[in-house]
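See structure below.
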Amino acid sequence: MTAVHLGMPGLPTAPRGVGHLRGTESFPDAARHELRNGQLRANLGHATATIRGKRAGVVAEVPDWEQLRAAGKAIKAATMARLDEHLVELERQVTARGGTVHWARDANEANAIVTALVQATGTTEVVKVKSMATQEIGLNEALEAVGLDVFETDLAELIVQLGEDKPSHILVPAIHKNRAEIKEIFARTIPGVDPELTDDPRQLAMAARTHLRERFLRARVAVSGANFAVAETGTLSVVESEGNGRMCLTLPDTLITVMGIEKVVPTWTDLEVFLQLLPRSSTGERMNPYTSTWAGVTPGDGPQEFHLVLLDNGRTAVLADEVGREALHCIRCSACLNVCPVYERTGGHAYGSVYPGPIGAILSPQLTGVEDNASLPYASSLCGACYEVCPVAIDIPSILVHLRAEHVEAQEHPTAEALAFRGLAKAMSHPRLWHLAQRGARLGRLIARGKPTLPNVFPPPISGWTRSRDLPTPPTRTFVQQWTEEHGQ
Amino acid sequence: MSAREEVLARIRTALGETRAPVPEVVRDYRQAGNAPADAALLALLVDRVEDYRADVLRCGPEEVGATVRAALTRGLGEGWAAADVVVAPGLDAAWRPDGCDVDDDRPAVQLADRAAAVTAVAVAIAETGTLVLDGSPACGRRALSLLPDCLVCVVTVDQVVAGVPEGLARLDPVRPLTMISGPSATSDIELQRVEGVHGPRQLFVVLAG
Ligand code: SF4
């Protein structure tokens, strides 16, 4: 790891007062009441265990997974290194094929652009494909503020919208709700729903189909995000399962796509890597049911008016940080959430941002500036599971340590926690110090006297930490020592 | 400064005056080969498509028309009428059920009135069980394979490739493409897969040759 390198001062972060990147309370406070919700924990534990198993199965059957992962990482790094050139090429290609490209410095500007485009069509209804970027900027609230009706069409988003809830997962925003809770929401909020509706997932899915069918058929404007945009051809891509995406991308007269600037990839060939990595990592399927691609406007097929909104909203500030910029490589698969022991216990709401879990812990504070999400880089045990599963090999633990160090640097009067992490960051970036620290941990075995956890005998400030946690007795040998003994060098 | 100029300027600031060289992309994963589809590859395609709970019907090159009709019977039941079925305008005449409706330039939403659609494909990817439609006359416009509740796709063996790289290499990125892997589905309720949401709830693949 390189020494701490502070982000470039001066590049604007995502503005306050708009969108959903900041919580109303710190992660530890939010986590404390989320942890009291036993139903939430049960729902999450069940769902994440299911998806972890599926992912592991379909990843194991790909013989060149590690090569694909390395290629995915390299393509993203190469793209970021010339991001301006790829965006200009994307703009040229989309424009040449009949689309219109808009640039937005931040959430407010993107919301204003989309609102004006929708109003210009004269319609009052908008159908939406699930998109992280539009959640991030709070587009629905902006459209509703001028009296437009916005319909989320992804099943999980619909559950969240009808339940007046907040999304808690990147891929399955209603992962914190179980079937019985979903049935209750549908029965209460969908007009004319079958009174015999049960909590069978098939019946619930059919209720959503019926509810949205008419809306799709009469929709004149749709708003989507994009998973990828190919610079050399101007091809946009949306990866989905239910067909609601296809409805929105195909039936309306006007399509408005809002995309973070980091979603561009240079070539069509690059998609062959990501279309293998993404579905297996996200839903644990060999391929998701539907992937749509389009370039500009096609006469006689689909929307005849296409707008692409390219969104910064703090991304260039992330790009300026040589260590932290890897967070922009994320393809939003959610695999890191599903393996994270912290996420599994607290759920997504505790993170306060639309980007929860390990990726959220490194992305949200960088988009907003670390001072606005200061507790998020600490929302991790640095166990490294997120890095292991990440399809583009983002080194999330190292970036967490880097951001903690940055947070500490930024404080005039460092807290005890800050001092401890400053030491940890230093130790972790210097192998010799790290080994020394690990040897120090063996002292802990003496205090434990053979018990599995350490007694709470530590003086402040360490007691503040051990009060709410069982500190495991350090093992007799470190992992690296065991590995070396068993496997040689 | 316009938003465009400003965002580009920010990127240039972020990347610095003297830019680092572009990292090399090593593509040592399995890439596009041109091996013709053998029996094992076809068996893999069938296995993978069926794994999504779609139905595969295999037939000789001369039996496509009859097999399409058999697929429609499975999907719509014995009493289906040709008028319930709409086909892509460029679909091989020998594959069309007699008297069926051929898609024209009617408003796309009217396709929702039809019970089933029949189309060709551009490519089929065996490893992932994926059919790709490319908006050509034989595949039809995107709404055709979306609105009717039962979709029948005819795949010929020369269209079958092993993996995603081979598949994408055969496609034109400027056309509107739809990659279909099984019937529409959701895993949004307790991550349990349920087939059939907004897209066709039934998918039949006629594999010819
Ligand atoms: S950080 Fe990696 S694992 Fe997490 S959502 Fe992004 S791509 Fe997936």
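Chain naming here is simple, since letters A, B, ... match the order of the sequence lines and numbering starts at 1 in each.
Residues A:R179 and B:Q192 form a side-chain contact, since some pair of their non-hydrogen atoms from C-beta on lies under 4.5 Å apart. The shortest distance between side-chain heavy atoms of B:H198 and A:L212 falls below 4.5 Å. When side chains are defined from C-beta on, B:E190 does not count as touching A:N43, because their heavy atoms never get closer than 4.5 Å. In this structure, B:D51 and A:R286 have side chains that are in contact, with non-hydrogen atoms separated by less than 4.5 Å. The closest side-chain heavy-atom distance from A:E240 to B:T186 is not below 4.5 Å.
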Inset, instruction - Mind running side chain to side chain donor-acceptor pair (under 3.5 Å) on B:Y29 and A:E272 for me, showing each step along the way? - result: CA-CA 10 Å; B:Y29 52 85; A:E272 73 190 17; 2.5 Å; yes
Inset, instruction - Mind running side-chain contact (heavy atoms from CB on, under 4.5 Å) on B:I11 and A:M80 for me, showing each step along the way? - result: CA-CA 9 Å; B:I11 295 171; A:M80 294 311 144; over 6 Å; no
Inset, instruction - Please assess B:R175 against A:W294 for the test side-chain contact (heavy atoms from CB on, under 4.5 Å), listing each intermediate value before the final yes or no. - result: CA-CA 6 Å; B:R175 303 194 76 100; A:W294 72 99; over 6 Å; no
Legend entry - Residue pair B:S184, A:E242: steps toward the side chain to side chain donor-acceptor pair (under 3.5 Å) verdict: CA-CA 5 Å; B:S184 77; A:E242 297 167 13; over 6 Å; no
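The choice from B:R12, B:R4, B:R19 that makes the most heavy-atom pairs within less than 4.5 Å of chain A is B:R4. Of all the listed residues (B:E195, B:R201, B:E5), the one sharing the greatest number of non-hydrogen pairs under 4.5 Å with chain A is B:R201. Contact count against chain A (heavy-atom pairs under 4.5 Å) is highest for B:L146 among B:V109, B:L146, B:V164. Interface check for chain A: of the options B:A108, B:P200, B:G196, B:A185, the most heavy-atom pairs under 4.5 Å are formed by B:A185. The residue among B:L203, B:D105, B:L171, B:L147 with the most heavy atom pairs within less than 4.5 Å of chain A is B:L147. Note on A:T50, A:L68, A:V318: by heavy-atom pairs under 4.5 Å with chain B, the leading option is A:L68. The choice from B:A9, B:G140, B:S2, B:P21 that makes the most heavy-atom pairs within less than 4.5 Å of chain A is B:S2.
Of the two parts of A:L271, the backbone and the side chain both hold a non-hydrogen atom closer than 4.5 Å to a non-hydrogen atom of chain B. If you measure heavy-atom distances from A:L319 to chain B, the contacts under 4.5 Å come from both the backbone and the side chain. Only the side chain of A:L251 comes within less than 4.5 Å of a heavy atom in chain B; its backbone stays farther off. Of the two parts of A:R218, neither the backbone nor the side chain holds a non-hydrogen atom closer than 4.5 Å to a non-hydrogen atom of chain B. Heavy atoms closer than 4.5 Å to chain B are found in the side chain of A:I175, but not in its backbone. Looking at A:D270, both its backbone and its side chain come within 4.5 Å of chain B, counting heavy atoms on both sides. Contact annotation for A:I261: only side-chain heavy atoms (C-beta onward) come within less than 4.5 Å of a heavy atom of chain B. Contacts of A:R315 with chain B are absent, with no heavy-atom separation under 4.5 Å from either backbone or side chain. For A:T293, the parts lying near chain B are the backbone and the side chain together; criterion is any non-hydrogen pair under 4.5 Å. Heavy atoms of A:T79 lying under 4.5 Å from chain B are absent altogether. In this structure, the portion of B:R193 lying under 4.5 Å from any heavy atom of chain A is its side chain and not its backbone. Looking at B:V174, the atoms closer than 4.5 Å to chain A (heavy atoms on both sides) sit in the backbone and in the side chain alike. Contact annotation for A:A104: only backbone heavy atoms (N, CA, C, O) come within less than 4.5 Å of a heavy atom of chain B.
Residues A:T235 and B:P173 approach most closely at OG1-O, 2.8 Å, considering heavy atoms. Taking every heavy atom of both residues into account, A:R105 and B:A3 meet most closely at NH2-N, 3.4 Å. Shortest non-hydrogen contact noted between A:D301 and B:R141 is OD2-CA, 3.4 Å. Here the shortest heavy-atom pairing between B:R142 and A:P303 reads NH2-CD, 4.2 Å. Residue A:W268 comes nearest to B:L177 through the heavy atom pair CH2-CD1, 3.6 Å, listed as atom of the first residue, atom of the second, then distance. Of all heavy-atom pairs spanning B:R10 and A:T316, the tightest one is CD-OG1, 3.4 Å.
There is no side-chain donor-acceptor pair under 3.5 Å between B:R30 and A:Q67. Side-chain contact annotation: A:R246 with B:S145, donor-acceptor N/O pair under 3.5 Å present.
Distance CD1/A:I182 to CG/B:D188: 8.0 Å, rounded to 0.5 Å. Here B:D113 contributes atom CG and A:L217 contributes atom CG; the two are 9.0 Å apart, rounded to the nearest 0.5 Å. The line from CG of A:D84 to CG of B:L15 is 6.0 Å long, rounded to the nearest 0.5 Å.
Listed for the A:W103 side chain is no donor-acceptor partner under 3.5 Å among the backbone atoms of B:V7.
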